[in-house]
Amino acid sequence: MAFSGHDTFHCRLFWLKKGIDYLDSGESFRMDSGVDLGVGKNMVNSMRFWLKSFDACDDSMEIKQPYQALFLDGGWDPYLENQGTLYLLHYKLCMTRHSSIYYIIFNNFRKVKPEFTQENLIDYINDLHSGQNEKILAKDFSVFKRMYGQFTNDDIDDGYSGLLTELGLLREVGKNRNSKTLYRIENNDQKSLPEEILLYCILTHPNHTSTISFSSFYSDDFGIGNTFCLNRDILEEKLQAIAQKFPDIIYSSEAGVKELQVKKDIEPNKVLEQYYGV
């Protein structure tokens with residue numbers, strides 16, 4: 001598990017595009033890259049960390065799809081004006097696990113502790129893998145809060161919104177009996193998740209098969225229902241809508257057995273092209 005590498009900087013709104021453009025120009029991250037990128041030395045290291053955390057590039061810093069199509073000039077959504085892109089980035093961040101805290105919180109921890117403190121999360125991580133440095137975990141949680149949270153506190157609002165703040169997946173819900181801040185992970189705008197983005201995530205899931213049981217969207221590692229904090233009724237509505245939009249996909253709920261059937265191979269990037277109107 002990895003809980004450092006970002007130098008305590010959360011991913012800023014245009015860092016992914018800026019980093020992808022920089023790599024696409026033939027440059028590589030160096031000690032003096034901050035001059036070209038307009039950021040400090042530590043921010044250069046952080047930018048490189050976030051590119052890998054979102055699975056935008058490989059170990060050789062080669063840009064991956066769909067990031068080339070999304071962020072390069074003339075791309076589908078280079079300035080992150082589409083909320084569907086934010087959902088896609090959220091899924092990539094959780095699935096890639098280059099930064100472990102996102103996968104842990106959205107896929108496991110939120111089911112165990114719907115409302116939690118920073119201390120609860122640190123204890124949970126140490127139960128999973130003992131011996132973690134609590135100061136490093138606290139800093140990583142601070143970055144997580146700035147990435148997702150909609151806060152006005154001086155210690156959170158540093159003038160740069162987190163990349164995924166607009167999704168509204170993290171909020172404060174008060175204090176516990178020890179006056180520690182309580183947080184909750186939830187999706188109050190579940191219907192805003194586009195069906196095409198959901199389908200792309202299903203098709204690129206590590207356990208993707210031609211027949212997918214409804215329960216697996218919650219029980220599998222990287223389960224879609226957990227990652228997007230979807231209640232079961234909303235997810236079922238989304239799957240039914242997918243089946244209506246894509247002729248080669250069937251959603252069945254016969255005899256109480258609910259499953260999604262993919263009758264023909266579908267290229268995930270083609271689904272994104274349809275969503276972005278390419």
Side-chain angles (χ1 to χ4, degrees), residues 1-107 136 139-148 158 160-167 169 197 200-201 204-206 222 227 268-269 272 276:
M1 291 190 287
F3 302 99
S4 60
H6 42 60
D7 287 337
T8 71
F9 295 107
H10 61 282
C11 190
R12 309 295 167 77
L13 188 59
F14 296 120
W15 274 13
L16 292 181
K17 174 165 177 51
K18 187 174 287 190
I20 287 169
D21 284 345
Y22 188 66
L23 294 176
D24 184 63
S25 71
E27 296 286 353
S28 58
F29 289 107
R30 308 178 305 274
M31 293 287 290
D32 61 349
S33 292
V35 176
D36 296 327
L37 291 167
V39 298
K41 174 186 173 183
N42 289 344
M43 284 187 173
V44 173
N45 295 331
S46 184
M47 189 180 295
R48 177 171 51 191
F49 169 85
W50 289 119
L51 284 169
K52 295 187 69 174
S53 295
F54 281 100
D55 200 32
C57 62
D58 58 23
D59 289 338
S60 300
M61 304 309 288
E62 293 291 329
I63 306 166
K64 294 183 177 183
Q65 288 290 17
Y67 289 92
Q68 285 186 353
L70 274 168
F71 287 107
L72 292 180
D73 289 343
W76 299 338
D77 189 21
Y79 301 107
L80 293 174
E81 298 168 308
N82 191 312
Q83 191 177 39
T85 306
L86 298 182
Y87 275 117
L88 177 60
L89 293 178
H90 165 68
Y91 177 75
K92 289 283 190 181
L93 180 60
C94 292
M95 185 183 72
T96 303
R97 296 174 71 169
H98 186 71
S99 186
S100 302
I101 195 171
Y102 302 93
Y103 164 78
I104 290 171
I105 289 177
F106 284 99
N107 287 277
I136 289 176
K139 289 179 179 179
D140 202 24
F141 183 66
S142 176
V143 171
F144 167 79
K145 286 191 295 182
R146 281 176 275 142
M147 181 80 85
Y148 282 92
D158 61 358
Y160 295 91
S161 295
L163 183 61
L164 301 174
T165 294
E166 288 186 24
L167 294 179
L169 298 179
I197 298 297
Y200 172 88
C201 296
T204 56
H205 192 281
F222 309 111
T227 303
N269 283 335
L272 292 183
Y276 289 104

Participant: Please work out which of the three classes, parallel, tilted or perpendicular, describes the rings of Phe106 and Tyr148, given edges at 30° and 60°.
Facilitator: tilted
Participant: Atom CZ of Arg146 and atom CZ of Arg12: how far apart are they, to the nearest 0.5 Å?
Facilitator: 7.5 Å
Participant: Is there side-chain contact between Leu164 and Leu169, with at least one heavy-atom pair below 4.5 Å?
Facilitator: no
Participant: Should Phe29 and Leu23 count as side-chain neighbours, where that means a heavy-atom distance under 4.5 Å?
Facilitator: yes
Participant: One thing to verify: whether Lys64 and Asp55 come together as a salt bridge, which I'm taking to mean a side-chain N less than 4.0 angstrom from a carboxylate O.
Facilitator: yes
Participant: Could you grab the distance from atom CG of Leu163 to atom CZ of Phe54, nearest 0.5 Å is fine?
Facilitator: 5.0 Å
Participant: Rounded to the nearest 0.5 Å, what separation is found between the CD1 atom of Ile101 and the OG atom of Ser53?
Facilitator: 12.0 Å
Participant: Check the pair Met61 / Ser28 against side chain to side chain contact (heavy atoms under 4.5 Å, CB included), numbers first and verdict last.
Facilitator: CA-CA 8 Å; Met61 304 309 288; Ser28 58; over 6 Å; no
Participant: Evaluate the side-chain proximity of Leu16 to Leu70: yes if any heavy-atom separation is below 4.5 Å, no if none is.
Facilitator: no
Participant: So Tyr200 and Asn269, do their side chains get closer than 4.5 Å, heavy atoms only?
Facilitator: yes
Participant: Mark yes when over 12 heavy atoms from residues, nucleotides or ligands other than Glu166 sit less than 6.0 Å from its CD; otherwise mark no.
Facilitator: no
Participant: Mark yes or no for whether Gln65, through its side chain, and Ala69, through its backbone, hold a donor-acceptor pair below 3.5 Å.
Facilitator: yes
Participant: Any side-chain heavy atom of Phe71 within less than 4.5 Å of one from Leu80?
Facilitator: yes
Participant: Apply side chain to side chain contact (heavy atoms under 4.5 Å, CB included) to the pair Asn82 and Tyr276, showing each step before the final yes or no.
Facilitator: CA-CA 9 Å; Asn82 191 312; Tyr276 289 104; 4.1 Å; yes
Participant: Any salt bridge linking Asp32 with Lys41? Criterion: basic side-chain nitrogen under 4.0 Å from a carboxylate oxygen.
Facilitator: no
Participant: I need the Leu51 CG to Arg48 CZ distance, nearest 0.5 Å.
Facilitator: 10.0 Å
Participant: Do Ser46 and His6 have side chains that get closer than 4.5 Å, going by heavy atoms?
Facilitator: yes
Participant: Rounded to the nearest 0.5 Å, what separates atom CE in Met95 from atom OG1 in Thr204?
Facilitator: 5.0 Å
Participant: Treating Asp7 as the side-chain partner and Phe9 as the backbone partner, does any N or O pair qualify as donor plus acceptor under 3.5 Å?
Facilitator: no
Participant: State, without any angle test, whether Asp77 and Thr85 hold a side-chain donor-acceptor pair at a distance under 3.5 Å.
Facilitator: yes
Participant: Can you pull the salt bridge (charged side-chain N to carboxylate O under 4.0 Å, His left out) pairs that have at least one residue in residues 79-90, sequence neighbours excluded?
Facilitator: none
Participant: What are the two closest heavy atoms between Leu272 and Pro66, and how far apart are they?
Facilitator: CD1-CB, 3.7 Å
Participant: How about Asp140 and Ser4: does a side-chain donor come under 3.5 Å of a side-chain acceptor?
Facilitator: no
Participant: Between Ser33 and Tyr22, do the side chains contain a donor N or O and an acceptor N or O under 3.5 Å apart?
Facilitator: yes
Participant: Walk me through whether Asp36 and Arg30 qualify under side chain to side chain contact (heavy atoms under 4.5 Å, CB included).
Facilitator: CA-CA 10 Å; Asp36 296 327; Arg30 308 178 305 274; 3.7 Å; yes
Participant: Below 4.0 angstrom, N of the basic side chain to O of the carboxylate: do Asp73 and Lys17 qualify?
Facilitator: yes
Participant: Counting C-beta onward and ignoring hydrogens, is there a side-chain heavy-atom pair between Tyr87 and Cys201 closer than 4.5 Å?
Facilitator: no
Participant: If you take all heavy atoms of Pro206 and Tyr91, which pair is closest and at what distance?
Facilitator: CD-OH, 4.4 Å
Participant: In Å and rounded to the nearest 0.5 Å, what is the CG to OH distance from Asp24 to Tyr67?
Facilitator: 16.0 Å
Participant: Just grab all the side-chain hydrogen bond (donor to acceptor under 3.5 Å, both in side chains) pairs involving residues 93-103, residues at least two apart or on different chains.
Facilitator: Tyr103-Asp221
Participant: Decide yes or no on salt bridge (Lys or Arg N to Asp or Glu O under 4.0 Å) for Lys52 and Asp58, but give the supporting numbers first.
Facilitator: CA-CA 7 Å; Lys52 295 187 69 174; Asp58 58 23; over 6 Å; no
